[in-house]
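Here the structure is laid out as structure tokens; the discussion comes afterwards.
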Amino acid sequence: MHPQAQRVLVVGSIGIDTVETPFGKATDVLGGSATYASAAASYFAPVDMVAAVGEDFDLRQFSFLQARGVNLEGLEVVKGGKTFRWGGKYHFDLNTRDTLFTDLNVLGTFDPKLPAATRGSPYVLLGNMHPLVQAKVLDQMAARPKFVVGDTMNLWINIARKELEAILGRLDCLIINDSEARELSGSHNLIKAAANIRRLGPKTLVIKKGEHGALLFHGNDVFSAPAFPLEDVFDPTGAGDAFAGGFLGHLAAKDRVDTAALRQAVVWGSALASFCVERFSVEGLREVPPKALSARYAAFKDLAHFEAEA
Ligand code: AMP
């Protein structure tokens, strides 16, 4: 971690997931956007996590996050409540999945309360939640954060379009996947989609394309990063959140949001996502040795480098 690293505030879901992939099934395992994103960001910067669980949640599951320096003061245990549960089944190509069930439980009434010490956080990650809940987070900030990154999903594009457009106007950067970008913009072409979405607010946009990598749009710059070519992808759950956490963690570590730092952040995010998908649940993010992380970052450089002839 950089000595001058700034704090990252992560607000999102905590889930108990049941995930089926062509390689097996994991029942009642730790998940949620805040969990994956906080774990990933903690490799670069100190993290404050704000989220909610029910009384059924075993808080010891978060000892690995605490050991990684994640501050859990903003974790609310809702009295009499049950933790959010989600079930998903991946198709053979692992790029598509069906949601088998969503029991919102405490997430349905989640009303994030930011501890006083987090209200000045310069770097903020709004995980996939109802856009009105995302707005409540920003409403509590003492000052405009330096860089606000948001995630969303098809559900909100479909049922809360107006609220989503309002929050887009308050984001510096939106991170979404390709199908969501097409749906949000109404354009099949991702370049046109990016232009349309950026007109709605976020000056910086990342479009994730699963195993095909990610595109970054910032100013007039377009950057394309590959996904790491892994032979063994076990569970894609949380890859997007791990990407977002690694991405913002790097920016906070450098305390920079210029084009060069953003390009690096996309690669760090992709590196964290690649560790995430190698194991079930959050297993791949528990303890990535620093050397393995830097080696993967370097491998990304080699992967995309070529000598242009004179
Ligand atoms: P991702 O694979 O990046 O879409 O993230 C998967 C994680 O998001 C899982 O661990 C789920 O617990 C969580 N999740 C799934 N659906 C929702 C939802 N509607 N709201 C918030 N979190 C969700």
Side-chain angles (χ1 to χ4, degrees), residues 10-21 26-41 49-54 57 61-62 65 82-91 94-110 112 125-134 137 149-160 163-164 167 174-181 206-211 214 227 233-248 269-270 272-285:
V10 174
V11 188
S13 62
I14 291 168
I16 301 177
D17 292 350
T18 293
V19 178
E20 283 178 57
T21 79
T27 305
D28 293 347
V29 292
L30 181 58
S33 60
T35 313
Y36 284 104
S38 298
M49 184 172 90
V50 172
V53 292
F57 190 85
Q61 294 195 80
F62 280 147
L65 286 182
K82 280 190 178 166
T83 306
F84 167 64
R85 282 175 178 265
W86 175 80
K89 182 173 178 172
Y90 288 85
H91 298 185
L94 288 180
N95 258 349
T96 42
R97 75 180 175 206
D98 298 324
T99 292
L100 298 181
F101 61 89
T102 303
D103 300 334
L104 285 179
N105 299 329
V106 299
L107 196 59
T109 50
F110 181 41
L125 178 54
L126 302 173
N128 168 31
M129 298 175 287
H130 192 293
L132 286 179
V133 181
Q134 295 179 320
V137 175
V149 172
D151 185 8
T152 194
M153 71 189 291
N154 299 41
L155 177 68
W156 311 126
I157 299 172
N158 292 329
I159 70 165
E163 296 88 340
L164 178 60
I167 197 74
L174 176 70
I175 302 183
I176 50 173
N177 68 34
D178 44 5
S179 68
E180 292 158 353
V206 177
I207 300 182
K208 298 167 292 177
K209 301 181 293 167
E211 63 179 329
V233 173
F234 275 105
D235 177 10
T237 309
D241 308 307
F243 177 96
F247 173 86
L248 192 59
S270 306
L272 264 305
S274 73
F275 283 105
C276 175
V277 303
E278 280 182 310
R279 311 268 302 269
F280 267 104
S281 176
V282 293
E283 294 308 313
L285 295 178

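Counting convention: from 1, in listed order, for ligands and their atoms alike. Each residue takes its place number in the sequence, starting with 1. Values below: all heavy atoms of this structure, side chains included; hydrogens, waters and symmetry mates excluded.
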Using the rule given for side-chain contact (heavy atoms from CB on, under 4.5 Å), can you reason through Leu272 versus Tyr36, listing the C-alpha separation, both sets of side-chain angles and the distance that settles it, and then say yes or no?
CA-CA 10 Å; Leu272 264 305; Tyr36 284 104; over 6 Å; no
[X] (side chain) donor-acceptor with [Y] (main chain) under 3.5 angstrom:
X: Asn177; Y: Ser179; answer: yes
X: Trp86; Y: Gly15; answer: no
X: Thr21; Y: Tyr90; answer: no

Is it true that the side chains of Ser13 and Ser33 contain a donor and an acceptor less than 3.5 Å apart?
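There is such a pair (donor and acceptor under 3.5 Å, judged by atom type) between the side chains of Ser13 and Ser33.
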Could you state the interatomic distance from CD (Glu180) to CG (Asp151), rounded to the nearest 0.5 Å?
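Here the rounded value is 7.0 Å.
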Look at [atom] and say which protein heavy atom is nearest, naming residue and atom and giving the distance to 0.1 Å.
atom: atom 19 (N) of ligand 1; value: Met153 SD, 3.7 Å
atom: atom 16 (N) of ligand 1; value: Trp86 CD1, 3.6 Å
atom: atom 2 (O) of ligand 1; value: Gly238 N, 2.8 Å
atom: atom 17 (C) of ligand 1; value: Phe84 CZ, 3.5 Å

For the 3.5 Å polar cut-off, considering only N or O atoms, please tell me whether Leu155 and ligand 1 meet it.
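No, no N or O pair falls under 3.5 Å.
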Could you list which atoms of ligand 1 come closer than 4.0 Å to a heavy atom of [X]?
X: Thr237; value: 2 (O), 6 (C), 9 (C), 10 (O)
X: Leu107; value: 20 (N), 21 (C)
X: Arg97; value: 1 (P), 2 (O), 4 (O)
X: Gly240; value: 3 (O)
X: Asp241; value: 1 (P), 3 (O), 5 (O), 6 (C), 7 (C)
X: Tyr36; value: 10 (O)
X: Gly31; value: 10 (O)

Using the side chain to side chain contact (heavy atoms under 4.5 Å, CB included) definition, which of the options Leu125, Val50, Val133 pairs with Val11?
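Running side chain to side chain contact (heavy atoms under 4.5 Å, CB included) over Leu125, Val50, Val133 with Val11 returns exactly one hit, Val50.
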Is it the side chain, the backbone, both or neither of Asp17 that has a heavy atom closer than 4.0 Å to ligand 1?
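Asp17 to ligand 1: side-chain contact only, backbone stays beyond 4.0 Å.
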Does a sphere of radius 6.0 Å around NZ in Lys89 hold more than 12 heavy atoms from other residues, nucleotides or ligands, not counting ones at 6.0 Å or beyond?
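Check fails, neighbour count at 12 or below.
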Selected option - heavy-atom contact closest to atom 13 (C) of ligand 1, from Ala37, Ser13, Gly15:
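Looking at heavy atoms only, the winner is Ser13.
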Do the ring centers of Phe57 and Phe62 come within less than 6.0 Å of each other?
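Aromatic pair counts; centres sit under 6.0 Å.
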